[in-house]
Engineer: 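Structure incoming, see below.
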Amino acid sequence: GAGVSQSPSNKVTEKGKDVELRCDPISGHTALYWYRQRLGQGLEFLIYFQGNSAPDKSGLPSDRFSAERTGESVSTLTIQRTQQEDSAVYLCASSPGLAGANEQFFGPGTRLTVL
Amino acid sequence: QQPVQSPQAVILREGEDAVINCSSSKALYSVHWYRQKHGEAPIFLMILLKGGEQKGHDKISASFNEKKQQSSLYLTASQLSYSGTYFCGTADDKIIFGKGTRLHILP
């Protein structure tokens, strides 16, 4: 079956522009996560959706970052007024249930470059 | 709180063993281990759900000491394919990953 997909795979934008990153999780997975990975660094938690519960937004670094999820399907991460420090790979992951007890399946990521 | 991994980096010769440690300052519900190769997405290795639990497949195993809020990943007789960055993730309602341990295996 299909895994987690993300689009675009690469995005180059100019400082100050808005960008939208898309994640298609595995069908039936109730949990969806967004992480940011700067070059050579670890996985920085951004936001977590679980079913119909309110998302855990505690990792979003500023109010320029927001994310939405439609039901238990597609999610979009929006970064407004991009800055050079936003350059990173943005990884999406989904899992079939509660975060702690289930494997996360990662997408290939979107590499964002802010010039 | 982000778990702390040690060491930050390891260089081994093929066939040698390695231990990667992960500790948390808060009580843990579970510990996850993932490996990421350069330019690729992280892949799942294992989850430990109970204190005292140990798991393994192939020559990679892990233990979880719930009381000490620690987990260790053991790589036995390392192979070239084990090279990559290993992340532990600690979970209560969400998973927070450590900064990773870079493992490089020399032939």
Side-chain angles (χ1 to χ4, degrees), chain A residues 2-7 9-10 23-26 29-51 53-61 67 69 88-111, chain B residues 1-9 20 22-24 26-51 53 55 57 60 62 64 66 69 71 83-104:
Chain A
V4 177
S5 61
Q6 294 186 243
S7 61
S9 54
N10 279 285
C23 172
D24 283 88
I26 293 172
H29 280 195
T30 59
L32 186 148
Y33 309 77
W34 283 97
Y35 295 94
R36 178 170 69 181
Q37 188 172 34
R38 293 193 166 112
L39 186 63
Q41 301 300 309
L43 302 166
E44 180 186 359
F45 167 78
L46 296 177
I47 188 169
Y48 164 46
F49 296 90
Q50 174 61 56
S53 302
D56 182 331
K57 303 181 181 181
S58 59
L60 295 178
R69 187 180 185 193
V89 175
Y90 288 82
L91 289 161
C92 172
S94 70
S95 69
L98 291 175
N102 293 277
E103 172 186 352
Q104 288 190 317
F105 295 80
F106 282 84
T110 293
R111 182 176 299 278
Chain B
Q1 281 85 350
Q2 185 177 42
V4 177
Q5 289 186 234
S6 62
Q8 291 184 339
I20 299 171
C22 176
S23 64
S24 174
K26 59 185 289 189
L28 302 176
Y29 168 70
S30 63
V31 178
H32 299 227
W33 287 96
Y34 288 77
R35 178 173 63 211
Q36 184 180 33
K37 292 188 178 287
H38 183 69
E40 299 180 8
I43 59 165
F44 173 78
L45 294 177
M46 63 191 81
I47 297 174
L48 298 104
L49 292 174
K50 300 177 185 176
E53 185 174 24
K55 279 191 176 179
H57 65 88
I60 300 175
F64 177 22
E66 192 174 15
Q69 297 166 188
S71 177
S83 290
T85 301
Y86 290 77
F87 293 99
C88 74
T90 53
D92 39 34
D93 60 337
K94 61 181 179 284
I95 300 171
I96 303 294
F97 287 96
K99 292 185 176 182
T101 296
R102 289 192 179 86
L103 178 64
H104 188 61

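Just so we're on the same page: letters track the sequence lines, and every chain starts at 1. None of the values given here were measured: they were computed from a predicted structure.
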Engineer: Of all of A/Gly107, A/Pro108, A/Gly109, A/Ala101, which one pairs up most often with chain B through heavy atoms under 4.5 Å apart?
Structural biologist: A/Ala101
Engineer: Go through the atoms of B/Ile95 and report whether side chain, backbone, both or neither lie under 4.5 Å from a heavy atom of chain A.
Structural biologist: both
Engineer: Could you look at B/Glu40 and say if it's the side chain, the backbone, both or neither that has a heavy atom under 4.5 Å from chain A?
Structural biologist: neither
Engineer: Is it the case that more than 12 heavy atoms not belonging to A/Lys57 sit under 6.0 Å from its NZ atom?
Structural biologist: no
Engineer: Heavy-atom pairs under 4.5 Å with chain B - which of A/Glu103, A/Gln37, A/Arg111 has more of them than the others?
Structural biologist: A/Glu103
Engineer: Using non-hydrogen atoms only, which part of A/Ser95 is less than 4.5 Å away from chain B: side chain, backbone, both, or neither?
Structural biologist: neither
Engineer: Between A/Ala31, A/Gly59, A/Gly42, A/Ser58, which has the largest tally of heavy atom pairs under 4.5 Å with chain B?
Structural biologist: A/Gly42
Engineer: For B/Tyr34 and A/Gln104, indicate whether the former's side chain and the latter's backbone hold a donor-acceptor pair under 3.5 Å.
Structural biologist: yes
Engineer: Show the nearest heavy-atom pair for residues B/Ile47 and A/Asn102, with the distance to one decimal.
Structural biologist: CD1-C, 3.4 Å
Engineer: From the options A/Ile47, A/Asp56, A/Leu98, select the one residue that forms a side chain to side chain contact (heavy atoms under 4.5 Å, CB included) with B/Lys94.
Structural biologist: A/Asp56
Engineer: Nearest 0.5 angstrom please: B/Phe87 CZ to A/Tyr35 OH, how far?
Structural biologist: 11.0 Å
Engineer: Which bit of B/Lys99 is near chain A, if near means a heavy-atom gap under 4.5 Å: side chain, backbone, both or neither?
Structural biologist: backbone
Engineer: Between B/Ala41 and A/Phe106, which heavy-atom pair has the shortest distance, and what is it?
Structural biologist: CB-CB, 3.8 Å
Engineer: Measuring only between side-chain heavy atoms, which start at C-beta, is B/Pro42 closer than 4.5 Å to A/Leu91?
Structural biologist: yes
Engineer: Given that the side chain runs from C-beta out, which part of A/Phe105 has a heavy atom under 4.5 Å from chain B: side chain, backbone, both or neither?
Structural biologist: neither
